[in-house]
2 protein chains.
Amino acid sequence: MNIGEIAKRAGVSRSTVSYALSGKRPVSEDTRQKIQRVIDELGYQPNASARALANGRTNTIGLVFPPAGNHYTGMQLDFIGSVTEAAASYDYDVLLSPSGADSDRSFQRLLGERRVDGAILMEIRLADDRLDHLTAVGFPSVAIGRTAHPEGSWWVGLDHTALAAACVHHLADLGHRRIAFVNRPEQLLRAGYESAHRGLDGFTKAAAERGLTVRTYCCGDDPASGHACLERILHDDPATTALVTLNEAALGGLYRGLAQAGRHVPRDFSVTGVVASRWAETVTPQLTAADVPAEQMGRLAVDLLVERLDHPDTPARHHLLTPPISLRASTAPAGTTPTAPAADPGPASTHP
Amino acid sequence: MNIGEIAKRAGVSRSTVSYALSGKRPVSEDTRQKIQRVIDELGYQPNASARALANGRTNTIGLVFPPAGNHYTGMQLDFIGSVTEAAASYDYDVLLSPSGADSDRSFQRLLGERRVDGAILMEIRLADDRLDHLTAVGFPSVAIGRTAHPEGSWWVGLDHTALAAACVHHLADLGHRRIAFVNRPEQLLRAGYESAHRGLDGFTKAAAERGLTVRTYCCGDDPASGHACLERILHDDPATTALVTLNEAALGGLYRGLAQAGRHVPRDFSVTGVVASRWAETVTPQLTAADVPAEQMGRLAVDLLVERLDHPDTPARHHLLTPPISLRASTAPAGTTPTAPAADPGPASTHP
DNA sequence: CACTTCACGCGAACCGGTTCGACGATCGGC
DNA sequence: GCCGATCGTCGAACCGGTTCGCGTGAAGTG
């Protein structure tokens with residue numbers, strides 16, 4: 001059932017059907033109704049490929065995935081969901097592109113084969129060749145995250161420096177003097193992931209400002225690594241009384257490690273960090289954290305991209321978000337029994 | 001840079017370039033190299049829309065989302081990731097379709113506008129009009145989940161009945177006599193979600209078989225609901241000593257409720273269920289559960305779909321999986337102190 | 001009544017690929 | 001030396017839309 005078929009049955013030409021549908025030229029009320037009736041009857045819908053070929057727009061945006069293997073974190077899920085929904089509200093579809101191991105192939109396909117009108121990139125690195133390439137060829141894109149030199153490009157990001165610093169100040173205000181920082185995996189830090197870098201930066205500077213004793217750690221994106229990381233922390237400095245984490249996937253393991261070491265949260269040990277609220281609320285006690293507004297970020301990214309697609313000459317825009325720390329139940333004043341392990345080892349037992 | 005440009009620079013016709021690329025007709029080694037050189041030089045990639053229009057295949061598969069609003073569970077994330085990767089390995093792209101509130105519009109677009117060659121559907125209902133429609137029009141699709149009458153259609157699913165029953169038997173073998181069942185939200189149960197129905201079924205039958213006293217609950221897909229649900233459970237029957245859950249998003253809340261009620265897991269209360277391993281390992285103590293092999297399921301779904309696309313006349317195939325229960329740390333024999341609350345209320349305090 | 005004006009609708013060209021039928025050149029066989 | 005098969009290439013048609021220029025009939029104007 002193509003447009004020619006509709007035209008034939010309605011007794012008009014193909015172009016008239018096209019104009020009746022697009023409204024780009026006036027069509028008399030009579031013929032419009034005649035055409036509409038045939039369309040309704042046959043349930044006709046124009047072929048997307050043909051339309052894309054003719055007018056050069058696919059009405060699809062690409063969502064470029066991190067090269068993080070098959071390990072997706074919760075935040076990414078939230079991005080995907082919110083981007084998809086926001087795109088749908090603009091009548092755009094979303095094409096997923098795992099810029100994974102063979103990043104080039106899949107990524108190049110999106111652009112070279114013109115499958116998408118624009119792209120949204122996740123998991124940005126400070127020096128991001130994907131973005132460099134896109135801006136070099138002038139391809140419309142919006143980054144979720146910002147590079148070292150974001151001037152003149154489109155993005156929506158979190159002020160990781162400020163957020164990590166806020167966590168430090170929160171702990172320092174509570175009297176903690178020896179704190180640890182649990183970052184994303186070392187491999188990602190080395191790759192230049194912006195959240196890992198800026199977060200570490202903010203943590204380190206704020207800690208220096210407040211004269212705290214700190215140690216920083218990288219930690220795999222899974223509970224087992226979190227558990228192991230926590231054991232290292234307490235081994236390296238048993239007097240540590242608090243930690244800041246950017247690693248939501250490790251959170252469960254960090255808590256488990258604390259329980260096993262007999263440190264009660266928040267009585268003996270405070271935990272905070274930068275984590276999406278749905279994960280902060282999953283652990284017990286709930287995590288006091290700067291909540292990553294993933295859904296809002298996804299929607300903003302789509303808004304920006306659509307604006308850029310509709311008005312190609314608009315100067316670059318961006319949104320830098322700094323959500324406040326949500327006080328929940330995982331932090332408390334330090335100092336009642338700063339270094340001694342808790343007296344009651346009961347709750348920590350985990351025998352099978 | 002289109003195929004005509006390549007042809008001109010290589011001094012051949014457009015059709016020759018096409019044949020050189022597709023290999024569907026022999027091309028002399030000389031001209032092939034000449035063409036290849038030009039292509040490499042210009043970085044030419046054929047336009048996807050034009051190709052799709054010409055040969056009727058988009059090389060894209062649609063991944064149809066649940067109508068669950070903007071609330072995505074962890075399992076869905078795993079599906080999305082594994083489907084995307086598996087599809088990439090077959091050179092297919094993945095188009096996301098939120099068959100959400102206005103399910104029709106987005107869903108119909110995929111099919112009617114021929115944006116995709118085939119579709120993978122998630123969150124299947126026992127009576128699923130989307131699937132009925134697809135099979136009615138003969139559109140190639142594979143379901144992740146199975147309807148009430150899956151004969152003759154393509155799917156990969158979990159034997160929820162058997163899994164829930166296995167959980168019951170596991171608890172019964174440990175001596176538990178009064179257990180609760182925590183299902184997905186009531187709204188989904190009423191909508192006919194197959195996991196909710198078959199799981200409930202398997203639970204009920206197995207419990208009857210073993211002569212257990214049971215109560216069943218529906219619970220929202222979030223920690224707060226889980227917490228509330230657990231309070232209801234203990235209020236309705238304080239002698240309950242174990243629960244089975246299908247609701248991974250509520251898991252954190254269930255644990256929190258138990259801690260707050262002074263029930264130590266697994267000493268005073270056993271918890272098990274059907275949950276993806278990454279979530280089972282996030283809670284403390286780690287959940288003894290039938291691990292949902294989400295990644296494997298995603299890959300299998302793609303395998304089936306690609307087979308169906310390549311061989312349109314193959315009879316329907318499917319995979320029914322029954323993963324074993326992974327013994328972790330959340331279940332223990334009942335009976336040492338079956339009904340009395342734990343003596344030590346310490347670990348349950350959650351003051352801010 | 002002749003002339004412009006306008007509203008509508010038509011045909012043809014185009015987007016960038018694929019595919020089919022045909023044609024010229026080369027080759028081997030008798 | 002002529003004929004038929006084979007190989008490599010070309011031109012044209014087609015996929016299903018969109019868009020431009022033009023023609024036609026009716027309405028408006030002096």
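Sequence lines set the chain letters: A, B, ... in the order given, protein chains first and strands last, and positions in each chain run from 1.
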For [X] and [N], give me the distance from atom [atom1] to atom [atom2], rounded to whole Å.
X       : N      : atom1 : atom2 : result
A:Met1  : D:dC15 : CE    : P     : 13 Å
A:Ile35 : C:dG9  : CD1   : C1'   : 10 Å
B:Arg57 : C:dG17 : CZ    : P     : 19 Å
B:Lys8  : C:dG17 : NZ    : P     : 14 Å
B:Asp30 : D:dC7  : CG    : P     : 17 Å
A:Tyr44 : D:dG16 : OH    : C1'   : 7 Å
A:Asn2  : D:dG16 : CG    : P     : 5 Å
B:Asn55 : C:dG16 : CG    : C1'   : 12 Å

Please check if the side chain of [X] supplies one atom and the backbone of [Y] the other of a donor-acceptor pair under 3.5 Å.
X        : Y        : result
A:Glu194 : A:Gly145 : no
A:Thr16  : A:Val12  : no
A:Asp117 : A:Ile61  : no

| task | Using the side-chain hydrogen bond (donor to acceptor under 3.5 Å, both in side chains) rule, take B:Asp303 and B:Tyr90 through it: C-alpha gap first, then chi angles, then the decisive distance, then the call. | result | CA-CA 9 Å; B:Asp303 289 346; B:Tyr90 284 111; 2.8 Å; yes

| For B:Thr31 and B:Ser28, what are the C-alpha separation, side-chain angles and deciding distance, and is it a side-chain hydrogen bond (donor to acceptor under 3.5 Å, both in side chains)? | CA-CA 6 Å; B:Thr31 48; B:Ser28 78; 2.9 Å; yes

Is [X] side chain donor-acceptor paired with the [N] base, going by distance under 3.5 Å alone?
X       : N      : result
B:Arg14 : C:dG17 : yes
A:Arg25 : C:dG9  : yes
A:Arg51 : D:dT18 : no
B:Ser15 : D:dG11 : yes
B:Tyr19 : D:dC7  : no

Quick check on [N]: is either OP1 or OP2 less than 4.0 Å from any side-chain nitrogen or oxygen of [X]?
X       : N      : result
A:Ser18 : D:dT19 : no
A:Thr16 : C:dC8  : no
A:Asn47 : D:dG16 : no
B:Lys24 : C:dT19 : yes
A:Thr31 : C:dG9  : yes
A:Ser22 : D:dT18 : no

| request: Assign each of A:Ala54 and B:Arg32 to its nearest nucleotide of DNA chain D by heavy atoms, then name whichever residue's nucleotide is nearer the 5' end. | output: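 Here B:Arg32 is the residue nearer the 5' end.
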
Under 3.5 Å, side-chain donor or acceptor atoms of residues 309-318 of chain A against the rest of the protein: list the pairs with distances, not counting sequence neighbours.
| unit_1 | atom_1 | unit_2 | atom_2 | d |
| --- | --- | --- | --- | --- |
| A:Thr314 | OG1 | A:His311 | O | 2.7 |
| A:Arg317 | NH1 | A:Glu307 | OE1 | 2.4 |
| A:Arg317 | NH1 | A:Glu307 | OE2 | 3.0 |

With the side chain of [X] defined as its heavy atoms from C-beta on, choose the nearest nucleotide among [options].
X       : options               : answer
A:Pro26 : C:dG17, D:dG17, C:dC8 : C:dC8
B:Ser28 : D:dT9, D:dT19, C:dG17 : D:dT9
B:Ile3  : C:dG9, C:dT19, C:dG17 : C:dG17

| field | For B:Asp128, side chain to side chain contact (heavy atoms under 4.5 Å, CB included) partners two or more places apart | value |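 With neighbours one apart ignored, the set is B:Ile124, B:Arg125, B:Arg130, B:Leu131, B:Thr147.
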
| To the nearest 10 degrees, how far apart in direction are the end axes of the helix from C:dC1-D:dG30 to C:dC30-D:dG1, each fit to five base pairs? |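 End-to-end axis angle for the helix from C:dC1-D:dG30 to C:dC30-D:dG1: 50°, rounded to 10°.
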
| With respect to A:Arg115, which candidate in B:Thr58, B:Asp93, B:Leu95 satisfies the side-chain contact (heavy atoms from CB on, under 4.5 Å) definition? |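 So, applying the side-chain contact (heavy atoms from CB on, under 4.5 Å) to A:Arg115 and each of B:Thr58, B:Asp93, B:Leu95, only B:Asp93 qualifies.
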
